[in-house]
Asks: 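Quick one: this structure, given as structure tokens, is what I'll be asking you about.
These numbers come from the heavy atoms of this one structure, side chains and all, not from hydrogens, waters or symmetry mates. Within every chain, numbering begins at 1; the chains are lettered A, B, ... in the order of the sequence lines, protein sequences first and strands thereafter.
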Protein chains: 2
Amino acid sequence: MQDPFVCTPVSHHQCISNALDQAETLCRSRNVRLTPIRHRVLELIWQQHRPVGAYDLLEQLQQQGRVAPPTVYRALDFLQQQGLIHRLESLNAFVGCAHPQYPHQGQFLICKSCRSLVEITDPEISTVINNRAEAVGFKPLNQTVEVSGFCDGCWQKEQING
Amino acid sequence: MQDPFVCTPVSHHQCISNALDQAETLCRSRNVRLTPIRHRVLELIWQQHRPVGAYDLLEQLQQQGRVAPPTVYRALDFLQQQGLIHRLESLNAFVGCAHPQYPHQGQFLICKSCRSLVEITDPEISTVINNRAEAVGFKPLNQTVEVSGFCDGCWQKEQING
DNA sequence: TTGTGTAATGTTATAATATAACATTAAAAT
DNA sequence: ATTTTAATGTTATATTATAACATTACACAA
């Protein structure tokens, strides 16, 4: 259920192709079209393996010919609908979804220093939030949970350097 | 500790002046300046009593003379720093803080239908999130928790109308 | 009370993010 | 093959936000 390997600088190419293979399989099984553009955008997002802005993607796409913003946003919309990427509201950016197989509420840990991101999928978090919402008579449909702070490595450095 | 009344269309003027009085007291005690512009922006935000965009505020300010975007954004920055308003990342909008007396992690319930907003301040939610973050070696500093769904009234209507 | 430094605001321009509207092309379904 | 739908192209523009520098107001010391 989890990825069979941890993504390191060395194994990152594998991480990308894994994500793309998974996306292809999923789209085929759902009878939706992972067109060349959509595939390419997903690939670019996974290449970064961190939150990327739409215009960053646009710039990269433009290295192979003229592309306009709507093209990128449409691809992003599609990928989001398919659960292949998440949008980070606090960054106006997009990141590949680690577990696209099933729909879920992701929670995101965003490092202020290196801008890396970890997605956790903790049912307890979503449950507590939903419960509290319902307790005040609110019908929750979708959660945005984004935590800004320091990843392990950067937190060490912070403490040493002040 | 809680507001002594519930805000209704009838009592809303009181709700606004309450918030403004509180803000004045807080700013005085902190030795920061709630200038006319800042006061006015806060007032406009509370008048809506729902998330408002910066350019909405700008438009309203411009009814009393020429104002440019930086003026609004500066006021918003100040009010945020003082904890008098919150920014809603998923809406690019701002809302008055219900409990500005002490710093806190707010959680926001946003109605998709009437666009009303409820702020809850549930320590259990923040605690669970912080714990889970720390469990994966992340040092959490700031949380964004925004839940989209239906408020009580709108959910009733939804179910009736389909 | 007058300088002097700092904070706040004014002003102009522009960056960054996102979408509307309509034309064209590609693919799928009949 | 034809028709219909989905996807993409294209142009223009909306929306949100900030950079950079000028000016004004305020606080407080001399």
Asks: If you measure from the ring centre of B:Y55 to the centre of the six-membered ring in the base of D:dT15, is it under 5.5 Å, with the planes under 30° apart?
Replies: no

Asks: Within this structure, what is the CG-to-C1' distance between A:L58 and D:dT10, rounded to whole angstrom?
Replies: 13 Å

Asks: Of the listed nucleotides (D:dT16, D:dT11, D:dA7), which one gets closest to any side-chain atom of A:T35?
Replies: D:dA7

Asks: Nearest heavy-atom pair of B:R38 and B:L34: which atoms, and what distance?
Replies: CB-CD1, 3.9 Å

Asks: Could you check how far CG of A:L91 sits from C1' of C:dA16, rounded to whole Å?
Replies: 14 Å

Asks: Can you tell me if B:E59 has over 12 outside heavy atoms packed within less than 6.0 Å of its CD?
Replies: no

Asks: Taking CG from A:L57 and P from C:dT17, how many angstroms apart are they, rounded to a whole number?
Replies: 11 Å

Asks: Measure from the side chain of A:I37, starting at C-beta and using heavy atoms only, and say which of D:dT16, D:dT8, C:dT17 lies closest.
Replies: D:dT8

Asks: D:dA6 C1' sits how many Å from A:D77 CG, rounded?
Replies: 15 Å

Asks: Let's see if you can work this out: which of C:dT17, D:dT10, D:dT8 has an atom nearest to the side-chain heavy atoms of A:P70?
Replies: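 Shortest atom-to-atom distance from the side chain points to D:dT10.
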
Asks: Using a 4.0 Å heavy-atom cut-off, does A:R38 contact any base of the nucleic acid, only the sugar-phosphate backbone, or nothing at all?
Replies: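 Contact class for A:R38: sugar-phosphate only.
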
Asks: Quick check: closest heavy atoms across A:E89 and A:E146, and the distance to 0.1 Å?
Replies: N-OE2, 2.8 Å

Asks: Evaluate whether atom CZ of B:R30 has more than 12 neighbouring non-hydrogen atoms of other residues, nucleotides or ligands under 6.0 angstrom away.
Replies: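 Counting neighbours around CZ of B:R30, more than 12 heavy atoms of other residues, nucleotides or ligands fall under 6.0 Å, so yes.
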
Asks: Closest nucleotide of DNA chain D for B:D56 versus for B:N31: which of these residues is on the 5' side?
Replies: B:D56

Asks: Starting from P on D:dT5, measure out to CZ on A:R33 and report it in whole angstrom.
Replies: 15 Å

Asks: So, does A:T71 get its side chain near the phosphate of D:dG9, meaning an N or O under 4.0 Å from OP1 or OP2?
Replies: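 For A:T71, the contact criterion (side-chain N or O under 4.0 Å from OP1 or OP2 of D:dG9) is met.
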
Asks: Of all the nucleotides listed (C:dG10, D:dG9, C:dT17), which has the minimum atom distance to the side chain of A:Y73?
Replies: C:dT17

Asks: Separation of B:E89 atom CD from D:dT15 atom P, in whole Å?
Replies: 20 Å

Asks: Could you state the atom-to-atom distance from CG of B:L34 to P of C:dA7 in whole Å?
Replies: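 Answer to the nearest Å: 18 Å.
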
Asks: Return the 5'-most residue of the pair A:A75, B:R74 with respect to DNA chain D, ranking by each residue's nearest nucleotide.
Replies: A:A75

Asks: What is the distance from CD of A:Q64 to P of D:dT8, rounded to the nearest Å?
Replies: 15 Å

Asks: Any chance the side chains of B:E24 and B:H39 put a donor and an acceptor closer than 3.5 Å?
Replies: yes

